[in-house]
Amino acid sequence: MSKQSGRGRVVGLPEWDRCAVMGVVNVTPDSFSDGGRWFDTTAAVKHGLHLVAEGADLVDVGGESTRPGASRVDESEELRRVVPVVRGLASEGVTVSVDTMRASVAAQALAAGAALVNDVSGGLADPAMVPAVADAGAPFVVMHWRGFLEGGNVAGAYADVVAEVVDELHARVDAVLAGGISPDRIVVDPGLGFSKEAGHDLSLLAHLDRLHALGYPLLVAASRKRFLGRVLAGPQGAPPPARERDAATAAVSALAAQAGAWAVRVHEVRATADAVRVARAVQGARELDDAPGAHASHRAHGTTDEPARPTARPTAQDPRPGGQGTSGAEGAR
């Protein structure tokens, strides 16, 4: 893995000096979070550009809901939903990820300008996925997955969730490598909310260092998921609706950034964009304070003032997609 600030770099994607922010565009009528809001192609492209203006570094476009009980859409329908949105955003210079479990959708989305394939099954749902991504030379997200959630089939039994997720991800990455995808194009994702209960998700977040130790950039996708609703409700309360979990999502984003995540995937971008930049500023201060001679320099100048922080978050007008500083559980997308 090529290193940058300990987070890793994904070949084929821009580099960021902090945890990247992946905004979500669900081109579906039935997503658990915002199904139907961006179902029209024009509305979806407009929303993706809005996410970039709010601080997203890349935008993840998906045309199939993975919430528990959701039925799969036909291949032709998924293509109809996804490819025009990918093409529209890529034509505006946005770095686009395609969220799909189908090799045909991945291939056509990459041809339309997508730069990354985000497969929640890690290539298990479609045997043609890994060869297709390998042939395209594209980066690939390998998520921890134990099967489809149709009919509420969650299969969330673990003796040690952290150890089992790490081991299963390790095995899946080995299979993806054997399938021809380059190691410097692999991202891993613990699959929060997929075949996991709230306690499992919290344990994984508490031990992101164990996932980071796999040696690949780490994507954390906690946005608006059920475990956050459970935390906010407390033991006796009812979980708040998905769209009332954005502050909790931003808190997880800051924690993930501090733990070395390469990127966080979120529905509401602005708060998370601020959170990861604050996390980077704190990290920068720590690095300066820990540098040889840092405290002696403070004493020589008769001050213990903190060193200058990195530049604040860019404004919405910055040309983000170019790179640095640019403008079940509930599985869900």
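All values reported here derive from a predicted model rather than from experimental measurement. In what follows, every heavy atom counts, from backbone to side chain, and hydrogens, waters and symmetry copies are set aside.
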Item to complete: Show your working on salt bridge (Lys or Arg N to Asp or Glu O under 4.0 Å) between R146 and E168 and close with a plain yes or no.
Response: CA-CA 9 Å; R146 284 189 169 181; E168 290 169 31; 2.7 Å; yes

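Contact check on E15 versus R9 returns a salt bridge, with a Lys/Arg side-chain nitrogen under 4.0 Å from an Asp/Glu carboxylate oxygen. Residues E268 and R224 are not paired through a salt bridge, judged by the lack of any N-O separation under 4.0 Å between the basic side chain and the carboxylate.
Residues M129 and I181 have side chains not in contact (no heavy-atom distance under 4.5 Å, counting atoms from C-beta outward). Side-chain contact between D189 and W145 is absent, with no heavy-atom pair separated by less than 4.5 Å. The closest side-chain heavy-atom distance from V120 to D99 is below 4.5 Å. In this structure, H144 and V165 have side chains that are in contact, with non-hydrogen atoms separated by less than 4.5 Å. Annotation: side chain of V173 is in contact with side chain of V188 (closest heavy-atom distance under 4.5 Å). Taking the side chain as every heavy atom from C-beta outward, V141 and L116 approach each other to under 4.5 Å.
A donor-acceptor pair is defined here as one N or O able to donate and one able to accept, closer than 3.5 Å; such a pair exists between the side chain of R245 and the backbone of K225. In terms of modelled atom types and a separation under 3.5 Å, the side chain of R280 and the main chain of D17 share a donor-acceptor contact. Between the side chain of R172 and the backbone N or O of G122 there is at least one donor-acceptor pair closer than 3.5 Å. Side chain of D74 to main chain of E77: no donor-acceptor pair is present (N/O by atom type, distance under 3.5 Å, no hydrogens or angles). Looking only at distances, no side-chain donor or acceptor of T272 sits under 3.5 Å from a matching main-chain atom of S253. No donor-acceptor pair under 3.5 Å is formed between the side chain of K46 and the backbone N or O of A44. Under the 3.5 Å distance criterion, the side-chain polar atoms of R81 are matched with a main-chain donor or acceptor of G63. Judged by distance alone, with hydrogens and angles left aside, the side-chain atoms of R265 form no donor-acceptor pair with the main-chain N or O of V220 at under 3.5 Å.
Defined by atom type and a distance below 3.5 Å, a donor-acceptor pair is missing between the side-chain atoms of T28 and N26. Looking at T100 and E78, their side chains do bring a donor and an acceptor atom within 3.5 Å of each other. A donor and an acceptor atom, one from each side chain of D60 and N118, are located under 3.5 Å apart. Checking S182 against D184 by side-chain atom types alone, a donor-acceptor pair falls below 3.5 Å.
Within 6.0 Å of CD in E164 there are more than 12 heavy atoms belonging to other residues, nucleotides or ligands.
Here the CD1 atom belonging to I186 is positioned 8.5 Å from the CZ atom belonging to F140, to the nearest 0.5 angstrom. Note that CG of L208 and CD of Q258 are 10.5 Å apart. Values are rounded to the nearest 0.5 Å.
Partner P190 forms a side chain to side chain contact (heavy atoms under 4.5 Å, CB included) with one of D201, L205, V162, L211 and no other, that one being L211.
Aromatic pair Y158/H200: centroids less than 6.0 angstrom apart.
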